[in-house]
Amino acid sequence: MQSDTLLHVANFSTLFVCMVLKFPQIFVLMRAKSTTGVSLNSLLLELTGFIVFVTYQMYYDYPPPTYLEYPILIAQDVILLLLILHYNGSLRQSLVYTLVFVGGWRLLTVDKWIIDLAMSLCTFISAASKLTQLQCLWRSKDAGQVSALSWALATYTCAVRIYTTTVTTGDMQVLVRFIAMTLLNLWVLLTVLYYQRNSSRTKKDE
């Protein structure tokens, strides 16, 4: 009984956090009207990973509470993508991205082996997303337009999903993905905080 209550709390807290997870990043971009430190390639890889993951969960009829936040995250990522393209002056490319993502999503469910293969690559795709964002930060040495709060919330949700996956489906592919994402999200978070602290010190010195 207690474990069931804990599972419900974990699922609903994750869902609630994911409903607002990308909002801090969206507001930062809208306020700054600049995408410095925010990687477009990282966002595209993350969106790909989200689409593969939620399609896999739905294909195998996993309990909806274990993946319900992903359609919400996808919607928020789409808003972020449009903002980045807008501020980079390449909003017209959004049509191309739409066609690619919708076509890819339809392809995933054509046959079982395709979705299984995509899911086996999903962890690498999502990991590449985080590493690409880290590379962008290392190159620009500027995290002014990157929201630490969004990365902190992402770290929390992935950590909680380690628990919910363990006590529900026990799917090892999914579990490994969440462990890797927790560690990588934490790495990005610490990197963002490091550069933001350095930036604050530089401004004070000036």
Test item: Y67 and F50 side chains (from C-beta on) under 4.5 Å apart, heavy atoms: no
By side chain to side chain donor-acceptor pair (under 3.5 Å) - contacts of S34 (at least two apart): T36
Contacts of type side chain to side chain donor-acceptor pair (under 3.5 Å), residue S13, not counting sequence neighbours: Y156
L81 with M30, same ILVMFWY side-chain cluster at under 4.5 Å: yes
Close aromatic pair by centroid cut-off 6.0 Å: Y56 and Y60: yes
Salt bridge (charged side-chain N to carboxylate O under 4.0 Å, His left out) pairs, two or more places apart, involving residues 121-145: E46-K130
Residues forming a side chain to side chain donor-acceptor pair (under 3.5 Å) with K33, sequence neighbours excluded: none
Y70 ring center within less than 6.0 Å of F53 ring center: yes
Residue pairs involving residues 111-129 (criterion salt bridge (charged side-chain N to carboxylate O under 4.0 Å, His left out); sequence neighbours excluded): K112-D116
Counterpart residues, side chain to side chain contact (heavy atoms under 4.5 Å, CB included), relative to T109 (two or more places apart): T55, Y59
Considering all heavy atoms, the nearest L29-L83 contact: CD1-CB, 4.4 Å
Nearest-0.5 Å distance, NZ of residue K22 to CG of residue L43: 6.5 Å
Any side-chain heavy-atom pair of L40 and T35 under 4.5 Å: no
By side chain to side chain contact (heavy atoms under 4.5 Å, CB included) - contacts of P63 (at least two apart): P65, T66, T169
Contact check, side chains of Q135 and S39, non-hydrogen atoms, under 4.5 Å: no
Salt bridge (charged side-chain N to carboxylate O under 4.0 Å, His left out) pairs, two or more places apart, involving residues 158-173: E69-R161
Side chain to side chain contact (heavy atoms under 4.5 Å, CB included) involving A128 - partner list, sequence neighbours excluded: L45
With S129 via side chain to side chain donor-acceptor pair (under 3.5 Å) - residues at least two apart: S42
Within residues 88-108 or reaching into it, pairs that qualify as salt bridge (charged side-chain N to carboxylate O under 4.0 Å, His left out) - sequence neighbours excluded: none
Spatial distance of atom OG1 (T166) from atom CZ (F178) [nearest 0.5 Å]: 10.5 Å
With sequence neighbours excluded, residues passing side chain to side chain contact (heavy atoms under 4.5 Å, CB included) with L193: A148, L189, Q196
